[in-house]
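Values below: all heavy atoms of this structure, side chains included; hydrogens, waters and symmetry mates excluded. So you know, we letter chains A, B, ... as the sequences are listed, proteins then strands, and number each from 1. Fair warning: this is a prediction, and the values are worked out from it, not measured in the lab.
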There are 2 protein chains.
Amino acid sequence: MMNEDSIIAKRPLGELIAEHLKQDIYNQKVKFGERLIEADLAENFDVSRSTIREALKILEQEELVTSKARKGTFVSEFTERDLDEMNELRLMIEAKAFVKALKNLEEPHYQDLQSIIDEMKEEAENGNWNALFDLDMQFHQYVVNMCGNSRIIKIYESISVQIRVYLAHLDQYYSSPVSFYREHKELMEALLHKDTVSVERKIKNHISFVEEKLVRKTDSE
Amino acid sequence: MMNEDSIIAKRPLGELIAEHLKQDIYNQKVKFGERLIEADLAENFDVSRSTIREALKILEQEELVTSKARKGTFVSEFTERDLDEMNELRLMIEAKAFVKALKNLEEPHYQDLQSIIDEMKEEAENGNWNALFDLDMQFHQYVVNMCGNSRIIKIYESISVQIRVYLAHLDQYYSSPVSFYREHKELMEALLHKDTVSVERKIKNHISFVEEKLVRKTDSE
DNA sequence: GGAATTAAAATTGTCGACAATCGACATAGG
DNA sequence: CCTATGTCGATTGTCGACAATTTTAATTCC
């Protein structure tokens with residue numbers, strides 16, 4: 001009668017470790033290009049190498065690490081070129097997903113989104129970039145999840161994690177947290193009006209904002 | 001002095017087995033929904049279960065199998081709904097990739113493509129659907145590979161394998177092999193003319209051809 | 001001193017065994 | 001008869017050990 005996944009779902013160890021490692025990557029406890037040695041990880045996490053291998057396979061799937069046969073697995077290095085690729089892909093997917101999501105967004109969803117936006121405002125005022133990025137991810141993923149295409153959702157998940165990691169590793173951002181927040185506020189309004197054209201334009205703006213304003217030092221400032 | 005990957009690169013066993021299993025799925029030696037039991041596979045392939053596990057993780061990555069913790073791994077079941085999702089994604093990606101590829105396609109590439117087309121013609125006349133599908137995959141993947149975005153390439157690889165599997169499992173096709181071939185010939189001509197607009201339209205047509213003409217029995221026949 | 005060889009250490013690939021869990025059946029109790 | 005509980009076999013999760021390979025260090029030879 002109370003057999004169902006008792007609060008803490010009993011997931012395989014490998015998955016838990018994979019998540020832990022992902023956090024470590026977010027927090028730069030392991031850096032780009034760093035080699036991950038199975039035996040060491042096994043000792044640190046106090047599990048067998050088989051389990052570590054499973055965890056690494058999961059991370060590899062999300063492209064957070066890359067492994068070459070018999071050469072080892074390394075934390076993926078994201079260059080600016082990679083960011084370009086990611087953004088191109090992201091733009092394509094997100095533009096489509098958002099428009100499709102419009103058909104499915106109902107009142108309760110808008111409330112959820114609004115509360116994310118509200119949190120963003122707070123974190124923006126505190127200048128807390130890391131929290132801001134997490135909320136950003138939540139916001140976009142939430143909308144994409146409403147698009148109705150499970151494959152699009154899955155791909156977006158993967159790509160957004162990568163972008164998240166990329167941003168986390170930057171040591172400086174060339175824009176203010178508040179304008180980052182304002183971006184989302186405008187996007188939210190376009191969603192509320194169910195204005196397809198406007199939504200597409202805003203998405204496009206938003207992504208180029210990340211690329212050009214946030215990451216690169218532009219002259220026009 | 002001749003140590004470099006001697007012709008046959010020494011890849012991990014798990015990868016080889018994953019490929020073998022993929023072929024088995026193509027050829028319907030294993031069917032949709034079928035459960036894959038690690039111990040049995042280990043015995044059949046005469047390797048340890050660890051190796052089988054690795055192979056299954058690879059297939060899971062390509063979404064050809066699905067595995068639930070402690071429940072086992074099953075060959076993915078693709079419904080018509082899945083085909084819809086796949087095509088939507090494919091359309092999005094391929095339209096973008098082809099247009100981008102136009103910038104990079106040179107004479108030798110066109111020759112490669114033409115030879116694929118020529119083979120298609122032959123197989124079409126023999127009514128050999130399976131070979132035709134393989135060539136179809138080759139053709140599209142070849143062009144997509146020229147788009148210059150490694151992430152787009154990777155995603156397309158995954159999605160096209162899935163579509164390939166879906167088509168392989170159909171027991172009947174509602175169109176002629178020759179018209180399937182002709183589709184590609186037209187696409188090829190659009191590529192040769194580097195006519196962006198035409199390429200986009202042709203891609204769109206081609207994908208809806210697969211969905212509506214090849215798979216579904218339409219009345220307009 | 002430096003390039004080529006060889007030896008040693010570190011690391012990944014593969015294996016077989018045991019533990020934990022699941023599913024089906026049998027059995028007991030109402 | 002139906003439901004709950006216990007048991008057993010089948011299957012997956014995890015482990016530690018050995019084999020194969022790569023990387024590093026040491027040695028030899030020019």
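Taking atom CG of A:D46 as the reference point, atom C1' of D:dC15 lies 12 Å away to the nearest angstrom. Distance A:R11 CZ to C:dT21 C1': 17 Å, rounded to the nearest Å. Atom CD1 of B:I52 and atom P of D:dT11 are 15 Å apart (whole Å). Regarding B:L13, its CG atom lies at a distance of 18 Å from the P atom of C:dT12, rounded to whole Å.
Considering only residues two or more places apart in sequence or on other chains, A:E54 meets the side chain to side chain contact (heavy atoms under 4.5 Å, CB included) condition with A:P12, B:R53, B:K57. Remark: B:E200 engages no residue in a salt bridge (Lys or Arg N to Asp or Glu O under 4.0 Å) (not counting sequence neighbours). Every residue two or more places apart in sequence or in another chain was checked for a ring pair (Phe, Tyr, Trp, His ring centres under 6.0 Å) with B:Y110, and none qualifies. Evaluation of the ring pair (Phe, Tyr, Trp, His ring centres under 6.0 Å) rule for B:F74 yields no partner, not counting sequence neighbours. Applying the salt bridge (Lys or Arg N to Asp or Glu O under 4.0 Å) criterion to A:E77, with sequence neighbours excluded, gives no partner residue.
Residues of residues 15-24 of chain B having a heavy atom closer than 4.0 Å to DNA chain C: none are found. Of the residues in residues 66-77 of chain B, those with a non-hydrogen atom less than 4.0 angstrom from any atom of DNA chain D are B:A69, B:R70, B:G72. Within a heavy-atom distance below 4.0 Å of DNA chain D, no residue of residues 31-45 of chain A is found.
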Next item on the list: Begin from the C-alpha positions of A:D134 and A:Q138 and carry the test side chain to side chain donor-acceptor pair (under 3.5 Å) through to its verdict.
Entry: CA-CA 6 Å; A:D134 282 333; A:Q138 271 182 257; over 6 Å; no
Next item on the list: Test A:D82 against A:T79 for side chain to side chain donor-acceptor pair (under 3.5 Å), laying out the working first.
Entry: CA-CA 5 Å; A:D82 284 301; A:T79 65; 3.1 Å; yes
Next item on the list: Decide yes or no on side chain to side chain contact (heavy atoms under 4.5 Å, CB included) for A:H206 and A:D136, but give the supporting numbers first.
Entry: CA-CA 11 Å; A:H206 179 59; A:D136 170 69; 3.6 Å; yes
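The ring pair (Phe, Tyr, Trp, His ring centres under 6.0 Å) test with A:W129 singles out one residue from A:Y174, A:Y173, A:Y181, and that residue is A:Y173.
Counting only residues at least two apart or in different chains, side chain to side chain donor-acceptor pair (under 3.5 Å) contacts with residues 85-99 of chain A comprise A:R81-A:E85, A:E85-B:S150, A:E85-B:R151, A:N87-A:E211, A:E88-B:K100, A:E88-B:N149, A:R90-A:E94, A:E94-A:H140, A:E94-A:Y156.
In summary, the aromatic rings of B:H169 and B:F78 are positioned with their centroids too far apart to meet the 6.0 Å limit.
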Anything under 3.5 Å between a donor and an acceptor, one on a side chain of residues 64-72 of chain B, the other on a protein residue two or more places apart or in another chain? List them.
unit_1	atom_1	unit_2	atom_2	d
B:T66	OG1	B:S76	OG	3.3
B:R70	NH1	A:K10	O	3.3

Output side-chain donor-acceptor pairs under 3.5 Å for residues 21-28 of chain B, partner residues at least two apart or in another chain, one line each.
unit_1	atom_1	unit_2	atom_2	d
B:K22	NZ	B:E62	OE1	3.1
B:N27	ND2	B:Q23	O	3.2
B:Q28	NE2	B:A168	O	2.8

What N/O pairs connect the protein and nucleotides 16-18 of chain C at under 3.5 Å? Give each pair on its own line.
unit_1	atom_1	unit_2	atom_2	d
C:dG16	O6	B:S50	OG	3.3

